[in-house]
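The block underneath contains the structure these notes are about, expressed in structure tokens.
Counting starts at 1 for both ligands and their atoms, in listed order. Only heavy atoms go into these numbers, but all of them, side chains included; no hydrogens, no water, no symmetry mates.
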Amino acid sequence: MSHPLVIANWKMNIPSGGISSWIQSEMVSTNDEVDFNKKSSYFKFMGIAPPISHLSELENLLNFGFLGSQDISRFNDGAKTGDISADMVIDKGCTFSILGHSERREFYNETNKDVSEKLRICLEKNILPVICIGESLEDYNAGKTLEVLDMQIKEIFTSLSTKKTVVIAYEPVWAIGSGKTPTPDDVNNIHQHIKDIVQSIAEIEAISFIYGGSVNCENAKSFFQQTNIDGALIGGASLNGKEFLDIYNDFLETF
Ligand code: PGA
């Protein structure tokens, strides 16, 4: 069984207009169509990963969707200045965590080994891991996309055996925040490739494959229509509550 998911990754931003107006726009735009008594089922595929500092505010205001963190420490506790542990984000209501985002890799030198350790912590603590992989522009131009993905997958997943769900987010680095995307067809084929490689080196009972990189309300549907795309990880377009909800509705329609 897979776990379809559309995730808002706010990164180190707060939606312009603030969190309550972001939530308000979600409410207003859904008001006509959604029976709020059933909202938990309507929102069950929606994840929101705000900056850690705003988790409590969201937890108090938000009664829909899942909360997640954008990262966790690879350590459980102790003298690790600046880190936030898995237990700490669980305490703040998080049920999933993004791991190995390309910005963590680029600005904080995170390695596949770090991501692998964090993945195992998530599984141990019952946090749904959302693992980001993807090739750089240079690798893409050199035709090395699959080679790079294979290496990332091997270093992160080798010998993993779990009955828990894992989400893999394919995010080509060159597509993030650039307005450029691979074609939906290409993403579909790449997801199939990732699935094959992961299944050949690890035993994971349930894996979902989501796409991230310049998803917006214009192009979202074309990705969601693909058989191997189970959702999206959305940065820029998620900062606007109305746009994010439009994308989410497109997702539900094609699901
Ligand atoms: P973007 O970011 O939607 O702004 O391209 C996606 C991401 O970094 O997860």
Side-chain angles (χ1 to χ4, degrees), residues 3-16 22 26 45-52 54 58 65-72 89 94 96-110 112 114-115 118-119 122 127-137 139-140 145 148-149 152 156 166-184 186-187 190-191 194 208-224 226 229-251:
H3 191 317
L5 203 52
V6 177
I7 300 174
N9 174 14
W10 288 356
K11 308 190 180 185
M12 201 165 67
N13 301 299
I14 302 298
S16 59
W22 187 90
E26 296 264 313
F45 303 119
M46 182 187 286
I48 300 163
I52 291 286
H54 288 70
L58 265 165
F66 295 101
L67 274 183
S69 61
Q70 298 172 12
D71 186 33
I72 55 161
V89 302
C94 289
F96 73 90
S97 181
I98 300 170
L99 302 178
H101 190 282
S102 63
E103 288 149 15
R104 303 282 330 157
R105 295 169 186 265
E106 181 184 351
F107 299 117
Y108 307 97
N109 299 322
E110 248 189 52
N112 293 322
D114 297 330
V115 179
K118 292 177 181 192
L119 164 62
C122 278
I127 300 179
L128 175 71
V130 178
I131 295 142
C132 302
I133 55 175
E135 79 284 7
S136 67
L137 182 61
D139 291 328
Y140 174 74
T145 297
V148 169
L149 292 173
Q152 292 175 335
I156 295 171
V166 169
V167 178
I168 298 182
Y170 168 53
E171 296 208 306
V173 181
W174 53 271
I176 295 177
S178 66
K180 297 188 192 116
T181 66
T183 67
D186 282 349
V187 175
I190 287 171
H191 281 195
I194 296 171
S208 294
F209 299 89
I210 65 176
Y211 167 73
S214 295
V215 175
N216 57 39
C217 55
E218 307 282 302
N219 61 21
K221 209 175 215 165
S222 62
F223 289 107
F224 296 145
Q226 301 292 325
I229 301 182
D230 303 316
L233 179 53
I234 303 166
S238 75
L239 290 170
N240 178 317
K242 165 84 176 75
E243 180 163 14
F244 183 61
L245 199 82
D246 285 347
I247 296 172
Y248 187 68
N249 280 331
D250 281 347
F251 167 77

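- Taking a heavy-atom cut-off of under 4.0 Å, ligand 1 is surrounded by N9, K11, H101, E171, A175, I176, G177, G213, S214, L233, I234, G235, G236.
- A salt bridge links K242 to D246: one of the charged nitrogens lies within less than 4.0 Å of a carboxylate oxygen.
- Q70 and W10 form no side-chain donor-acceptor contact under 3.5 Å, judged by distance and modelled atom types alone.
- Shown here for I127 and S97, the closest heavy-atom pair between the two residues is CG2-N, 3.5 Å.
- Summarising the geometry of G134 relative to V148, their closest heavy-atom pair is O-CG1, 4.3 Å, with the distance given to 0.1 Å.
- Two rings, from F223 and Y211, have their centers less than 6.0 Å apart.
- Residues I229 and P184 share a closest heavy-atom pair of CD1-O, 4.2 Å.
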